[in-house]
Asks: 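A single structure is presented below for examination.
Throughout, a chain's letter reflects where its sequence line sits, starting with A, and its residues are numbered from 1. Scope of the values below: all heavy atoms of this structure, side chains included, with no hydrogens, waters or symmetry mates.
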Amino acid sequence: MAMRVAAAAAAAAVAEPRGLRRLFSISSFIPPLAAAAAAASPPAEPSTNLFVSGLSKRTTTEKLYEAFSQFGQVVHARVVTDRVSGYSKGFGFVKYATIEEAGAGIQGMDGKFLDGWVIFAEYAKPRPPHPQFENSGTPSYGRQ
DNA sequence: CGTGAGCGA
């Protein structure tokens, strides 16, 4: 006489893109040393340059720019692509006007979906000055 | 094969 209530079938329907499944390596034990707690996930230094990864192969710079412009003033955005093939490498860089906007952009776009793929936004690592001068030869030519 | 970790012309 009891009707079967089967209304719980719309669960676990996560719009998950095929592939790219994060492997959660759960440590079954916690080291007695509390010093290991600082090695969980060391964030990079706060910078206006943001490193965005997890981008789709079809995602372009404009998509990145418009996606991150919602959380701050994006000074410049670029999707790393190969000059030889011309295809996107799968990651890009977004530069905000200030660091506070950069943080807002990370907290606002990190772990979000873009073009059907989960993207990750974090501070980019500092880089040496761009070699505007295409001087053929190694910079350290004839080091003492 | 545009494959999927990763840091750029």
Asks: Is the shortest heavy-atom distance from the side chain of A/Leu55 to the side chain of A/Leu64 under 4.5 Å?
Replies: yes
Asks: I need the OH-P distance between A/Tyr87 and B/dG4, as an integer number of Å.
Replies: 17 Å
Asks: Between B/dC7, B/dG2, B/dA9, which one does the side chain of A/Lys89 approach most closely?
Replies: B/dA9
Asks: Using a heavy-atom cut-off of 4.0 Å across all strands, would you classify A/Leu50 as base, sugar-phosphate, or nothing?
Replies: nothing
Asks: In whole Å, I'd like the distance from the CZ atom of A/Arg58 to the C1' atom of B/dG2.
Replies: 10 Å
Asks: Specify the separation, in whole Å, of atom CD of A/Glu122 and atom C1' of B/dC7.
Replies: 9 Å
Asks: Tell me: CZ of A/Arg78 to C1' of B/dA9, nearest whole Å?
Replies: 6 Å
Asks: Can you tell me, in whole Å, how much space there is between the P of B/dG2 and that of B/dG6?
Replies: 22 Å
Asks: What is the nucleic acid contact for A/Ser88, judged by heavy atoms within less than 4.0 Å: base, sugar-phosphate only, or nothing?
Replies: nothing
Asks: With nearest nucleotide decided by heavy atoms, which residue, A/Thr81 or A/Ser85, maps closer to the 5′ end of DNA chain B?
Replies: A/Ser85
Asks: Check the distance between B/dG4's C1' and A/Phe113's CZ and give it to me in whole angstrom.
Replies: 15 Å
Asks: If I take atom CZ in residue A/Phe91 and atom C1' in nucleotide B/dA9, what distance separates them, rounded to the nearest angstrom?
Replies: 13 Å
Asks: Consider the side chain of A/Phe51, meaning its heavy atoms from C-beta on, and name the nucleotide among B/dG6, B/dG4, B/dA9 that approaches it most closely.
Replies: B/dG6
Asks: Counting side-chain heavy atoms from CB outward, which of B/dG4, B/dA9, B/dC7 is closest to A/Lys57?
Replies: B/dG4
Asks: Is the shortest heavy-atom distance from the side chain of A/Asp115 to the side chain of A/Arg58 under 4.5 Å?
Replies: yes
Asks: Between A/Trp117 and A/Gly54, what is the shortest heavy-atom contact and its length?
Replies: CB-O, 3.5 Å
Asks: When all nucleic acid strands are considered with a 4.0 Å heavy-atom cut-off, which category describes A/Ser56: base, sugar-phosphate, or nothing?
Replies: base
Asks: When we call it a touch if two heavy atoms are under 4.0 Å apart, what does A/Gly92 touch: a base, just sugar-phosphate, or nothing?
Replies: nothing
Asks: Round to the nearest Å and state the distance from A/His76 atom NE2 to B/dG8 atom C1'.
Replies: 10 Å
Asks: For the base of B/dG8 and the side-chain ring of A/Phe93, does the geometry meet a stacking cutoff of under 5.5 Å between centres and under 30° between planes?
Replies: yes
Asks: According to ring-ring contact (aromatic ring centres under 6.0 Å, His included), who are the partners of A/Phe51, at least two apart in sequence or on a separate chain?
Replies: A/Phe91, A/Phe93
Asks: Hey, does A/Ile99 have a side-chain heavy atom less than 4.5 Å from the side chain of A/Thr48?
Replies: yes
